[in-house]
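First the structure, in the form of C-alpha coordinates, and then the observations on it.
Excluded from the calculations below are hydrogen atoms, water molecules and symmetry mates; all remaining heavy atoms, backbone and side chain alike, are included. Each chain gets a letter, A, B and so on, in the order the sequences are listed, and its residues count up from 1.
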Amino acid sequence: MNFSKEIIHWYLQNKRDLPWRKTKDPYRIWLSEIMLQQTRVAQGLPYYEKFTAAFPTVYDLAKAEESQVLKLWQGLGYYSRARNLHYTAKDIVENYNGKFPSTYKELLQLKGVGDYTASAIASICFDEVAPVVDGNVYRVLARYFDIDTPINSTEGIKKFKELAFEVIAEDDPANFNQAIMEFGAVQCKPQNPYCIVCPLNNSCEGLKNQRVGMLPVKLKKTKIKHRWFNYLVVIAKETETLLEERTGKGIWQGLYQFPLLETKKAITDIHSHQEEIKALVQLRNFSITPYNTEAKIHKLSHQHLHTTFWIVETTENLKNGILLQEIRKYPVPILIGNFIEEFNF
DNA sequence: AAGACGGGGGT
DNA sequence: ACCCCAGTCTT
(Lines give C-alpha, C1' and ligand atoms only; values in the text may rest on other atoms or scores of the structure.)
Protein backbone atom coordinates (compact mmCIF):
# COMPACT_ATOMS: atom_id res chain seq x y z
CA MET A 1 0.00 0.00 0.00
CA ASN A 2 1.28 3.46 -0.83
CA PHE A 3 1.54 6.46 1.47
CA SER A 4 -1.86 8.02 0.82
CA LYS A 5 -3.79 4.75 0.93
CA GLU A 6 -2.07 3.77 4.16
CA ILE A 7 -2.82 7.14 5.76
CA ILE A 8 -6.49 6.97 4.79
CA HIS A 9 -6.73 3.37 5.97
CA TRP A 10 -5.28 4.37 9.33
CA TYR A 11 -7.68 7.31 9.52
CA LEU A 12 -10.82 5.31 8.90
CA GLN A 13 -9.89 3.06 11.80
CA ASN A 14 -8.60 5.69 14.23
CA LYS A 15 -10.38 9.00 13.62
CA ARG A 16 -11.86 10.83 16.58
CA ASP A 17 -15.55 11.51 16.70
CA LEU A 18 -15.71 15.29 16.21
CA PRO A 19 -18.83 17.37 15.46
CA TRP A 20 -17.49 19.01 12.29
CA ARG A 21 -16.89 15.55 10.86
CA LYS A 22 -20.63 14.95 10.73
CA THR A 23 -21.30 17.69 8.17
CA LYS A 24 -20.21 19.06 4.82
CA ASP A 25 -21.94 22.39 5.40
CA PRO A 26 -19.30 24.93 4.28
CA TYR A 27 -20.43 27.35 7.00
CA ARG A 28 -19.67 24.86 9.74
CA ILE A 29 -16.46 23.61 8.17
CA TRP A 30 -15.31 27.20 7.74
CA LEU A 31 -16.20 27.98 11.35
CA SER A 32 -14.31 24.96 12.65
CA GLU A 33 -11.26 25.68 10.50
CA ILE A 34 -10.99 29.29 11.63
CA MET A 35 -11.33 28.23 15.26
CA LEU A 36 -8.72 25.52 14.96
CA GLN A 37 -6.03 27.77 13.49
CA GLN A 38 -3.10 27.54 15.93
CA THR A 39 -5.52 25.98 18.38
CA ARG A 40 -5.84 22.46 19.74
CA VAL A 41 -9.00 20.49 19.08
CA ALA A 42 -9.63 20.17 22.83
CA GLN A 43 -9.50 23.94 23.27
CA GLY A 44 -11.60 24.80 20.21
CA LEU A 45 -14.31 22.19 20.67
CA PRO A 46 -16.43 23.97 23.33
CA TYR A 47 -16.27 27.18 21.28
CA TYR A 48 -17.51 25.37 18.20
CA GLU A 49 -20.46 24.08 20.21
CA LYS A 50 -21.23 27.56 21.57
CA PHE A 51 -21.02 29.20 18.14
CA THR A 52 -23.15 26.67 16.29
CA ALA A 53 -25.77 26.92 19.03
CA ALA A 54 -25.80 30.74 18.97
CA PHE A 55 -25.38 31.05 15.18
CA PRO A 56 -26.78 27.98 13.38
CA THR A 57 -26.36 29.61 9.97
CA VAL A 58 -24.16 32.24 8.37
CA TYR A 59 -27.16 34.58 8.39
CA ASP A 60 -27.37 34.40 12.18
CA LEU A 61 -23.68 35.19 12.51
CA ALA A 62 -23.90 38.03 9.99
CA LYS A 63 -26.64 39.84 11.88
CA ALA A 64 -24.95 39.56 15.29
CA GLU A 65 -23.17 42.46 16.97
CA GLU A 66 -19.40 42.25 16.74
CA SER A 67 -19.15 42.54 20.52
CA GLN A 68 -21.37 39.48 20.87
CA VAL A 69 -19.08 37.55 18.56
CA LEU A 70 -16.04 38.66 20.53
CA LYS A 71 -17.75 37.76 23.81
CA LEU A 72 -18.34 34.21 22.59
CA TRP A 73 -14.77 34.09 21.32
CA GLN A 74 -13.41 35.30 24.67
CA GLY A 75 -10.55 33.10 25.87
CA LEU A 76 -9.78 31.51 22.50
CA GLY A 77 -7.12 34.07 21.55
CA TYR A 78 -6.03 35.56 18.24
CA TYR A 79 -9.06 37.81 18.22
CA SER A 80 -8.54 39.02 14.66
CA ARG A 81 -9.96 35.62 13.74
CA ALA A 82 -13.24 36.56 15.40
CA ARG A 83 -13.36 39.97 13.77
CA ASN A 84 -12.57 38.50 10.35
CA LEU A 85 -15.10 35.74 10.96
CA HIS A 86 -17.83 38.29 11.50
CA TYR A 87 -16.70 40.39 8.55
CA THR A 88 -16.73 37.37 6.25
CA ALA A 89 -20.14 36.20 7.45
CA LYS A 90 -21.54 39.59 6.41
CA ASP A 91 -19.56 39.40 3.17
CA ILE A 92 -21.06 35.98 2.35
CA VAL A 93 -24.60 37.18 3.03
CA GLU A 94 -24.25 40.46 1.17
CA ASN A 95 -22.05 39.49 -1.77
CA TYR A 96 -22.43 35.73 -2.18
CA ASN A 97 -26.16 35.34 -1.59
CA GLY A 98 -25.42 33.49 1.62
CA LYS A 99 -23.59 30.66 -0.15
CA PHE A 100 -19.89 29.97 0.31
CA PRO A 101 -17.86 29.84 -2.91
CA SER A 102 -16.87 26.30 -3.88
CA THR A 103 -13.30 26.60 -5.15
CA TYR A 104 -9.93 27.06 -3.51
CA LYS A 105 -9.26 30.15 -5.60
CA GLU A 106 -12.50 31.90 -4.65
CA LEU A 107 -12.34 30.86 -0.99
CA LEU A 108 -8.88 32.41 -0.77
CA GLN A 109 -10.44 35.82 -1.38
CA LEU A 110 -12.32 35.71 1.92
CA LYS A 111 -10.86 37.66 4.82
CA GLY A 112 -9.23 35.37 7.37
CA VAL A 113 -9.08 32.49 4.87
CA GLY A 114 -5.53 31.72 3.82
CA ASP A 115 -3.93 28.89 1.89
CA TYR A 116 -4.62 26.26 4.53
CA THR A 117 -8.26 27.13 5.22
CA ALA A 118 -9.16 27.57 1.55
CA SER A 119 -7.71 24.13 0.82
CA ALA A 120 -9.50 22.58 3.78
CA ILE A 121 -12.92 23.92 2.81
CA ALA A 122 -12.46 23.20 -0.91
CA SER A 123 -11.43 19.61 -0.28
CA ILE A 124 -13.72 18.70 2.61
CA CYS A 125 -16.89 20.35 1.27
CA PHE A 126 -16.36 20.21 -2.49
CA ASP A 127 -13.85 17.38 -3.05
CA GLU A 128 -11.35 19.64 -4.77
CA VAL A 129 -7.82 18.24 -5.02
CA ALA A 130 -6.36 20.98 -2.81
CA PRO A 131 -3.76 19.71 -0.31
CA VAL A 132 -3.72 21.20 3.16
CA VAL A 133 -0.38 21.95 4.77
CA ASP A 134 -0.74 22.67 8.46
CA GLY A 135 1.65 22.00 11.34
CA ASN A 136 0.72 18.31 11.34
CA VAL A 137 1.34 17.89 7.62
CA TYR A 138 4.75 19.59 7.84
CA ARG A 139 5.74 17.17 10.56
CA VAL A 140 4.47 14.01 8.88
CA LEU A 141 6.04 14.84 5.51
CA ALA A 142 9.33 16.07 6.98
CA ARG A 143 9.71 12.84 8.93
CA TYR A 144 8.43 10.38 6.36
CA PHE A 145 10.62 11.79 3.59
CA ASP A 146 13.42 12.92 5.93
CA ILE A 147 13.47 16.54 4.79
CA ASP A 148 15.33 19.11 6.89
CA THR A 149 14.41 22.22 4.94
CA PRO A 150 12.99 24.62 7.58
CA ILE A 151 9.21 24.43 7.38
CA ASN A 152 8.80 28.17 7.90
CA SER A 153 11.34 29.24 5.27
CA THR A 154 10.16 30.43 1.88
CA GLU A 155 11.81 27.41 0.30
CA GLY A 156 10.29 25.03 2.83
CA ILE A 157 6.76 26.37 2.42
CA LYS A 158 7.04 25.89 -1.34
CA LYS A 159 8.67 22.46 -1.14
CA PHE A 160 6.19 20.97 1.33
CA LYS A 161 3.23 22.31 -0.61
CA GLU A 162 4.56 20.63 -3.75
CA LEU A 163 5.13 17.43 -1.84
CA ALA A 164 1.59 17.56 -0.49
CA PHE A 165 0.34 17.82 -4.09
CA GLU A 166 2.35 14.71 -4.95
CA VAL A 167 1.05 12.53 -2.14
CA ILE A 168 -2.59 13.64 -1.92
CA ALA A 169 -5.15 10.95 -2.81
CA GLU A 170 -6.73 12.52 -5.87
CA ASP A 171 -9.73 10.23 -5.67
CA ASP A 172 -10.47 11.22 -2.06
CA PRO A 173 -8.90 14.55 -1.12
CA ALA A 174 -11.44 15.19 1.64
CA ASN A 175 -10.51 12.11 3.62
CA PHE A 176 -6.83 12.28 2.76
CA ASN A 177 -6.44 15.83 4.05
CA GLN A 178 -8.20 15.09 7.30
CA ALA A 179 -6.35 11.79 7.55
CA ILE A 180 -2.84 13.22 7.32
CA MET A 181 -3.69 15.92 9.86
CA GLU A 182 -5.24 13.44 12.27
CA PHE A 183 -2.29 11.12 11.77
CA GLY A 184 0.07 13.96 12.69
CA ALA A 185 -1.97 14.96 15.72
CA VAL A 186 -2.51 11.49 17.16
CA GLN A 187 0.17 9.13 15.84
CA CYS A 188 3.10 11.11 14.40
CA LYS A 189 2.87 13.67 17.21
CA PRO A 190 5.61 16.21 18.05
CA GLN A 191 6.97 14.46 21.14
CA ASN A 192 7.27 10.71 21.51
CA PRO A 193 5.56 9.60 18.31
CA TYR A 194 4.43 5.97 18.25
CA CYS A 195 6.95 4.79 15.68
CA ILE A 196 6.96 1.25 17.09
CA VAL A 197 3.34 0.68 16.13
CA CYS A 198 3.26 3.05 13.14
CA PRO A 199 1.73 1.54 10.00
CA LEU A 200 4.36 3.41 7.96
CA ASN A 201 7.39 2.48 10.02
CA ASN A 202 8.93 0.26 7.36
CA SER A 203 8.95 2.97 4.70
CA CYS A 204 9.59 6.09 6.84
CA GLU A 205 12.91 7.63 5.80
CA GLY A 206 13.22 9.73 8.95
CA LEU A 207 12.83 6.66 11.14
CA LYS A 208 15.28 4.65 9.06
CA ASN A 209 17.87 7.42 9.42
CA GLN A 210 17.08 7.97 13.11
CA ARG A 211 16.14 11.58 12.51
CA VAL A 212 12.49 11.58 13.60
CA GLY A 213 13.38 13.39 16.82
CA MET A 214 15.06 16.28 14.95
CA LEU A 215 12.28 16.81 12.45
CA PRO A 216 10.71 18.99 11.36
CA VAL A 217 13.28 21.80 11.37
CA LYS A 218 11.95 25.27 12.17
CA LEU A 219 13.63 28.68 12.02
CA LYS A 220 14.28 30.58 15.27
CA LYS A 221 11.84 31.72 17.88
CA THR A 222 10.29 35.11 18.49
CA LYS A 223 11.90 37.35 21.07
CA ILE A 224 9.78 38.20 24.07
CA LYS A 225 9.00 41.79 24.94
CA HIS A 226 8.34 42.82 28.54
CA ARG A 227 5.66 45.37 29.35
CA TRP A 228 4.28 46.79 32.58
CA PHE A 229 0.51 47.17 32.75
CA ASN A 230 -1.22 49.05 35.56
CA TYR A 231 -4.97 48.61 35.47
CA LEU A 232 -7.07 51.17 37.28
CA VAL A 233 -10.07 49.39 38.75
CA VAL A 234 -12.39 52.26 39.57
CA ILE A 235 -15.14 51.60 42.08
CA ALA A 236 -17.58 54.46 42.34
CA LYS A 237 -20.23 54.37 45.04
CA GLU A 238 -19.78 50.59 45.14
CA THR A 239 -21.93 50.16 42.04
CA GLU A 240 -20.06 51.44 38.99
CA THR A 241 -16.72 51.08 37.27
CA LEU A 242 -14.91 52.17 34.12
CA LEU A 243 -14.05 50.10 31.06
CA GLU A 244 -12.33 51.20 27.86
CA GLU A 245 -12.20 49.51 24.48
CA ARG A 246 -8.81 48.66 22.99
CA THR A 247 -8.59 50.24 19.58
CA GLY A 248 -5.87 50.67 17.00
CA LYS A 249 -3.09 48.13 16.46
CA GLY A 250 -1.67 45.64 18.90
CA ILE A 251 -3.09 42.96 21.15
CA TRP A 252 -6.73 42.54 22.10
CA GLN A 253 -8.28 44.82 19.49
CA GLY A 254 -11.96 45.31 20.18
CA LEU A 255 -11.81 43.87 23.69
CA TYR A 256 -12.45 45.88 26.86
CA GLN A 257 -10.25 46.54 29.85
CA PHE A 258 -9.97 48.78 32.87
CA PRO A 259 -8.27 52.12 32.16
CA LEU A 260 -4.64 51.28 31.57
CA LEU A 261 -1.49 53.08 32.65
CA GLU A 262 1.44 51.46 30.87
CA THR A 263 4.89 52.21 32.29
CA LYS A 264 8.48 51.41 31.28
CA LYS A 265 9.03 49.48 34.52
CA ALA A 266 7.30 48.56 37.75
CA ILE A 267 5.79 51.49 39.61
CA THR A 268 7.54 52.15 42.89
CA ASP A 269 5.68 55.31 43.90
CA ILE A 270 2.11 55.45 42.69
CA HIS A 271 1.71 59.07 43.78
CA SER A 272 4.28 60.23 41.24
CA HIS A 273 1.72 59.16 38.60
CA GLN A 274 -1.13 61.11 40.20
CA GLU A 275 -1.75 63.42 37.26
CA GLU A 276 -1.74 60.67 34.62
CA ILE A 277 -4.19 58.66 36.70
CA LYS A 278 -6.45 61.66 37.20
CA ALA A 279 -6.57 62.14 33.43
CA LEU A 280 -7.27 58.47 32.78
CA VAL A 281 -10.14 58.07 35.21
CA GLN A 282 -11.38 61.66 35.03
CA LEU A 283 -11.73 62.11 38.77
CA ARG A 284 -10.73 64.82 41.22
CA ASN A 285 -10.70 62.85 44.45
CA PHE A 286 -10.06 59.19 44.97
CA SER A 287 -8.06 56.75 47.04
CA ILE A 288 -5.75 54.26 45.37
CA THR A 289 -4.40 50.98 46.73
CA PRO A 290 -2.67 48.07 45.01
CA TYR A 291 -4.70 44.87 44.71
CA ASN A 292 -1.60 42.76 44.10
CA THR A 293 1.76 43.91 45.42
CA GLU A 294 3.72 41.42 43.35
CA ALA A 295 3.06 42.01 39.65
CA LYS A 296 1.25 39.12 38.02
CA ILE A 297 3.03 38.01 34.83
CA HIS A 298 0.60 37.22 32.05
CA LYS A 299 2.46 35.32 29.35
CA LEU A 300 1.59 35.68 25.70
CA SER A 301 3.61 33.97 22.98
CA HIS A 302 5.47 37.18 22.21
CA GLN A 303 5.03 39.39 25.30
CA HIS A 304 5.23 39.07 29.07
CA LEU A 305 2.84 41.46 30.74
CA HIS A 306 3.78 42.45 34.28
CA THR A 307 0.39 43.37 35.57
CA THR A 308 -0.73 45.25 38.66
CA PHE A 309 -4.36 46.03 39.47
CA TRP A 310 -4.94 49.22 41.43
CA ILE A 311 -8.22 49.73 43.27
CA VAL A 312 -9.39 53.31 42.81
CA GLU A 313 -12.27 54.23 45.08
CA THR A 314 -14.31 57.39 44.81
CA THR A 315 -17.64 58.95 45.76
CA GLU A 316 -17.76 61.08 42.62
CA ASN A 317 -19.94 60.41 39.60
CA LEU A 318 -18.26 58.72 36.66
CA LYS A 319 -18.28 60.21 33.17
CA ASN A 320 -18.88 56.99 31.24
CA GLY A 321 -19.35 54.52 34.03
CA ILE A 322 -20.83 51.07 33.60
CA LEU A 323 -22.77 49.11 36.20
CA LEU A 324 -20.65 46.53 38.01
CA GLN A 325 -23.47 44.04 37.61
CA GLU A 326 -23.12 44.29 33.84
CA ILE A 327 -19.35 43.94 33.65
CA ARG A 328 -19.54 40.32 32.49
CA LYS A 329 -21.35 41.34 29.32
CA TYR A 330 -18.22 42.88 27.84
CA PRO A 331 -15.65 40.87 25.90
CA VAL A 332 -12.37 41.06 27.82
CA PRO A 333 -8.92 39.46 27.62
CA ILE A 334 -8.61 36.38 29.83
CA LEU A 335 -6.29 38.40 32.08
CA ILE A 336 -9.12 40.83 32.86
CA GLY A 337 -11.72 38.08 32.98
CA ASN A 338 -9.75 36.18 35.61
CA PHE A 339 -9.44 39.32 37.72
CA ILE A 340 -13.16 39.99 37.51
CA GLU A 341 -13.96 36.47 38.69
CA GLU A 342 -11.35 36.56 41.43
CA PHE A 343 -12.18 40.03 42.75
CA ASN A 344 -15.89 39.29 42.62
CA PHE A 345 -16.74 42.97 43.31
C1' DA B 1 11.47 37.88 5.01
C1' DA B 2 10.23 38.88 9.50
C1' DG B 3 6.85 40.19 13.10
C1' DA B 4 2.53 40.41 15.34
C1' DC B 5 -1.12 38.07 17.06
C1' DG B 6 -3.53 34.48 22.69
C1' DG B 7 -4.10 31.11 25.46
C1' DG B 8 -3.47 26.47 27.00
C1' DG B 9 -1.14 22.07 27.36
C1' DG B 10 2.89 19.03 27.41
C1' DT B 11 7.64 17.88 28.69
C1' DA C 1 11.89 27.36 30.07
C1' DC C 2 10.63 25.98 25.73
C1' DC C 3 7.81 24.04 22.12
C1' DC C 4 3.55 23.30 19.76
C1' DC C 5 -1.16 23.86 18.31
C1' DA C 6 -6.22 21.93 11.82
C1' DG C 7 -2.40 29.94 10.28
C1' DT C 8 -3.23 34.71 8.55
C1' DC C 9 -2.19 39.35 7.96
C1' DT C 10 0.82 43.29 8.07
C1' DT C 11 5.05 45.57 7.59
Exercise. Which part of the nucleic acid does A:Q303 contact within heavy-atom distance under 4.0 Å: base, sugar-phosphate only, or nothing?
Worked result: sugar-phosphate
Exercise. Would A:E182 and A:R21 pass as an ion pair if we require N to O under 4.0 Å?
Worked result: yes
For this session: Please answer: with hydrophobic residues joined when any side-chain heavy atoms are less than 4.5 Å apart, are A:V41 and A:L76 in the same cluster?
Result: yes
Exercise. Who is the Watson-Crick or G-U wobble partner of B:dG6, with both distances under 3.5 Å?
Worked result: none
For this session: Test the A:K99-A:Y96 pair against the cation-pi criterion, namely NZ or CZ under 6.0 angstrom from the six-membered ring centroid and within 45° of the ring axis.
Result: no
Exercise. Which part of the nucleic acid, if any, lies within reach of A:K189 when heavy atoms closer than 4.0 Å are counted: base, sugar-phosphate only, or nothing?
Worked result: nothing
Problem set entry | Cluster check A:V312, A:V233: I/L/V/M/F/W/Y, side chain < 4.5 angstrom | no
Exercise. What does A:I34 touch in the nucleic acid at a heavy-atom separation under 4.0 angstrom: a base, only the sugar-phosphate, or nothing?
Worked result: nothing
Exercise. Rounding to a whole Å, what distance do you find between A:L76:CG and B:dG8:C1'?
Worked result: 10 Å
Exercise. Please give, in whole Å, the distance from B:dG9 C1' to A:L45 CG?
Worked result: 16 Å
For this session: Check whether any side-chain N or O of A:W252 sits under 4.0 Å from OP1 or OP2 of B:dG7, and answer yes or no.
Result: yes
Seminar exercise, completed: A:Y47 OH to B:dG7 C1', in whole Å, measures 9 Å
For this session: Round to the nearest Å and state the distance from A:L335 atom CG to B:dG6 atom C1'.
Result: 11 Å
Problem set entry | Exam field: side chain A:S119 to backbone A:T117, donor-acceptor pair closer than 3.5 Å | no
Exercise. How does protein contact run along nucleotides 3-11 of chain C, one letter per nucleotide 5' to 3', with B for base contact, S for sugar-phosphate only, - for none, heavy atoms under 4.0 Å?
Worked result: SBBBBSS--
Problem set entry | Same-atom distance (C1') from C:dC5 to B:dC5, integer angstrom | 14 Å
Problem set entry | Atom-pair distance (CG on A:L300; P on C:dC2), nearest Å | 16 Å
Exercise. Taking the C1' atom of each, how far is B:dG8 from C:dC9, in whole Å?
Worked result: 23 Å
Problem set entry | Phosphate OP1/OP2 of B:dG3: any A:K225 side-chain N/O under 4.0 Å | no
Exercise. When you measure from the side chain of A:R139 to the backbone N and O of A:G184, does any donor-acceptor pair fall under 3.5 Å?
Worked result: yes
For this session: Round to a whole Å and report the spacing from CG of A:N152 to C1' of B:dA4.
Result: 15 Å
Seminar exercise, completed: Separation of B:dA4 atom P from A:I251 atom CD1, nearest Å, is 12 Å
For this session: Taking only the side-chain nitrogens and oxygens of A:H302, find out if one of them lies under 4.0 Å from OP1 or OP2 of B:dA4.
Result: no
Exercise. Nearest nucleotide by nearest heavy atom, which residue falls closer to the 5' end of DNA chain B, A:V332 or A:L219?
Worked result: A:L219
Problem set entry | Ring centre gap for A:F339 and A:F258 strictly below 6.0 Å | yes
Exercise. Which heavy atom of A:G254 sits nearest a heavy atom of A:P331, and at what distance?
Worked result: O-CG, 4.3 Å
Exercise. Reckon A:G250 touches a base, only the sugar-phosphate, or nothing at all at heavy-atom distances under 4.0 Å?
Worked result: sugar-phosphate
For this session: Please state how far atom CZ in A:R227 lies from atom P in B:dG6, giving the value in whole angstrom units.
Result: 11 Å
For this session: Between C:dC4 and B:dG6, how far apart are the C1' atoms? Round to whole Å, please.
Result: 14 Å
Exercise. Of A:E155 and A:G77, whose closest DNA chain B nucleotide lies nearer the 5' terminus?
Worked result: A:E155
